[in-house]
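Here the structure is laid out as structure tokens; the discussion comes afterwards.
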2 protein chains.
Amino acid sequence: MAHKVLLVEDDLDLGHLLKQYLEINHFEVHRVFNGQEARAMLEQQLYDILILDVMMPKEDGFTLAKKLTLQYPNIPFLFVTAKKMKEDVLKGLKLGADDYMIKPFDADELVYRIHNILRRTQRQVIQVPEHIQIGIFRFEPKNLLLISPRAQFALTEKESQLLSYLYQNRGSIIKRTDILNHLWKEADFFNGRSMDVFISRLRKHLSADPTIEIESVRGVGFNFKC
Amino acid sequence: MAHKVLLVEDDLDLGHLLKQYLEINHFEVHRVFNGQEARAMLEQQLYDILILDVMMPKEDGFTLAKKLTLQYPNIPFLFVTAKKMKEDVLKGLKLGADDYMIKPFDADELVYRIHNILRRTQRQVIQVPEHIQIGIFRFEPKNLLLISPRAQFALTEKESQLLSYLYQNRGSIIKRTDILNHLWKEADFFNGRSMDVFISRLRKHLSADPTIEIESVRGVGFNFKC
DNA sequence: GTCCTCATTAACCTTTCGTTAACTCTTCGT
DNA sequence: ACGAAGAGTTAACGAAAGGTTAATGAGGAC
């Protein structure tokens, strides 16, 4: 289940952007515009983390955080600020902020920081498995799974490695020797034949989506079109 | 009692300065110069937090952190770097770094960040669950008990640790080497066989609930489905 | 000392999957 | 059009991984 984030941000654009980005990253985001609304939301349900803008018209983030932590001492929180002032950062940290982001900031960094805070805070990290969408399939390299709407295949490790490699180099010609050197460490005749068997197996797996093709380029290698 | 900090920093001046500053702020600081020394210290005693320089001659901080977190998954760590590169920061956070300081940095800020990390970490300690529901079983890690409606097994310490680890990582593939590094501290052949024996025993214990499965993934590890 | 407990090692068996083999189809140079 | 070589496909093989049970032995309790 997704982690719940309460985002307190008065800036319309940034707030919207943040919400969207966090949602892409599988967080459930509720967005409010000021401290009063934040309190109302917190009363209704539990959140996993609180993201606060420091600069807000009615009540600044610090004051709000101070009050909220009195009532909800265990909720992790993180400040976002436009000001690049040392005093502000220190003030936030002094209040016990779990972290601090200075605008303009990198959205990926924010996501990682949230994850790390939650990992420390909650016992169980429910990690969204890394996945790649290939046509109608969802490919989870770490779990060796190729999932289509109808069925689910368990790939072997080597099948998975090969599919990953093809995917990483999709859309252009991949040399046979490159695949062999990369996955077999030696590009001799027998390994080449072995690879052909794997290609054949992958093609069978992927045949459920006719838009996907592992096109072979005679004498050179393959072109993974997806 | 003072919190124990293990500082891994090869730079003589910065290392000395940091140590002094942290000691002024009532931390107990042990300072080492490379990964090997760090490992030796960690084996001897528990630390509350690890501070790592990213740039070190023999082994960089990232590689070291990756290895150490396998063996000591709960220790909070924080990177220090001179490089002001976004990639570095992201790399560190991806590894699960609790925080990141960019040189030159403010020493007060570092102290606050350490305090906040510790506050977060200790919060977690309180949350160690007394019992976990796994299918029809109630698992009490502390009491080494696995209780089903019909019977009650007394697990050994290691069985319990393994079950905890599997449970914490349930639902996706857990690498053999990760389990071994975590519970056996060494991933050699014999420990691997030993682990297989434990897996077998856990399977026998858990067989009363057919919805639970420790699926093995050849060449990779296990997937605990429950 | 003797008796337990429990992790490890050994021994034996089963299963898996990368490789090899065998046969076919396709491509391309002559 | 023919032959050779590359590639596709399927089946079979066998080494290595893993499952299971029993034996071993180290360490603690009494």
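Chain letters run A, B, ... following the sequence lines, proteins first and then strands; every chain starts at 1.
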Review point. Given atom CG of B:Leu183 and atom C1' of C:dC6, what is their separation to the nearest angstrom?
Key: 16 Å
Check your understanding: Under 6.0 Å between ring centres, would you say that holds for B:His3 and B:Tyr47?
Key -> no
Review point. Could B:Arg201 and B:Phe198 be counted as a cation-pi pair, given that NZ or CZ must be under 6.0 Å from the ring centre and within 45° of the axis?
Key: yes
**Study point:** A:Tyr165 and A:Tyr167: CA distance, side-chain angles, deciding distance, ring pair (Phe, Tyr, Trp, His ring centres under 6.0 Å) verdict
**Key:** CA-CA 5 Å; A:Tyr165 191 79; A:Tyr167 181 79; over 10 Å; no
Review point. B:Arg203 has an atom CZ; how far is it from atom P of D:dG18, in whole Å?
Key: 11 Å
Check your understanding: When you check the phosphate oxygens OP1 and OP2 of C:dT19, does a side-chain N or O of A:Trp184 lie under 4.0 Å from one of them?
Key -> yes
Practice item. Run the ring-centre check on B:Phe79 versus B:Phe77 and record whether the distance is less than 6.0 Å. Key: yes
Exercise for review: Return the value, rounded to whole Å, for the distance between atom CG of B:Asp188 and atom C1' of C:dT8.
Suggested key: 11 Å
Point to revise | Whole-Å gap separating P (D:dG6) and CZ (A:Phe189) | key: 8 Å
Check your understanding: Expressed in angstrom and rounded to an integer, what is the separation of B:Asn223 atom CG from D:dG18 atom C1'?
Key -> 16 Å
Point to revise | Donor-acceptor pair present, B:Arg193 side chain and D:dG19 base, under 3.5 Å | key: yes
Review point. Side-chain N or O of B:Lys204 less than 4.0 angstrom from OP1 or OP2 on D:dG19?
Key: no
Exercise for review: Keeping the roles fixed (side chain from A:Asn191, backbone from A:Glu186), state whether a donor-acceptor pair exists under 3.5 Å.
Suggested key: yes
Practice item. Determine whether any donor atom in the side chain of B:Arg201 lies under 3.5 Å from an acceptor atom in the base of C:dT8, or the reverse, and answer yes or no. Key: yes
**Study point:** Position toward the 5' end of DNA chain C (nearest nucleotide), B:Glu159 or A:Glu159
**Key:** B:Glu159
**Study point:** Protein-nucleotide distance (A:Met195, atom CE; D:dT9, atom P), rounded to Å
**Key:** 14 Å
Exercise for review: Output the single nucleotide from C:dA10, C:dA7, D:dA7 whose closest atom is nearest the side chain of B:Ser194.
Suggested key: C:dA7
Practice item. Quickly work out the A:Asn191 CG to C:dA21 P distance and round it to whole Å. Key: 13 Å
Revision key, fill the gap. Considering only heavy side-chain atoms of A:Thr156, the closest of D:dT20, C:dT8, C:dG18 is C:dG18
Review point. Phosphate oxygens OP1/OP2 of D:dG6: is one of them under 4.0 Å from a side-chain N or O of A:Ser216?
Key: no
Review point. Does the C:dT27 base have a donor-acceptor partner in the side chain of A:Arg218 within less than 3.5 Å?
Key: yes
Practice item. Using atom CD1 of B:Ile179 as one end and atom P of D:dG18 as the other, report the distance to the nearest whole Å. Key: 11 Å
**Study point:** Candidate nucleotides C:dA7, C:dT9, C:dT20, ranked by approach to the side chain of A:Phe190 - the nearest
**Key:** C:dT20
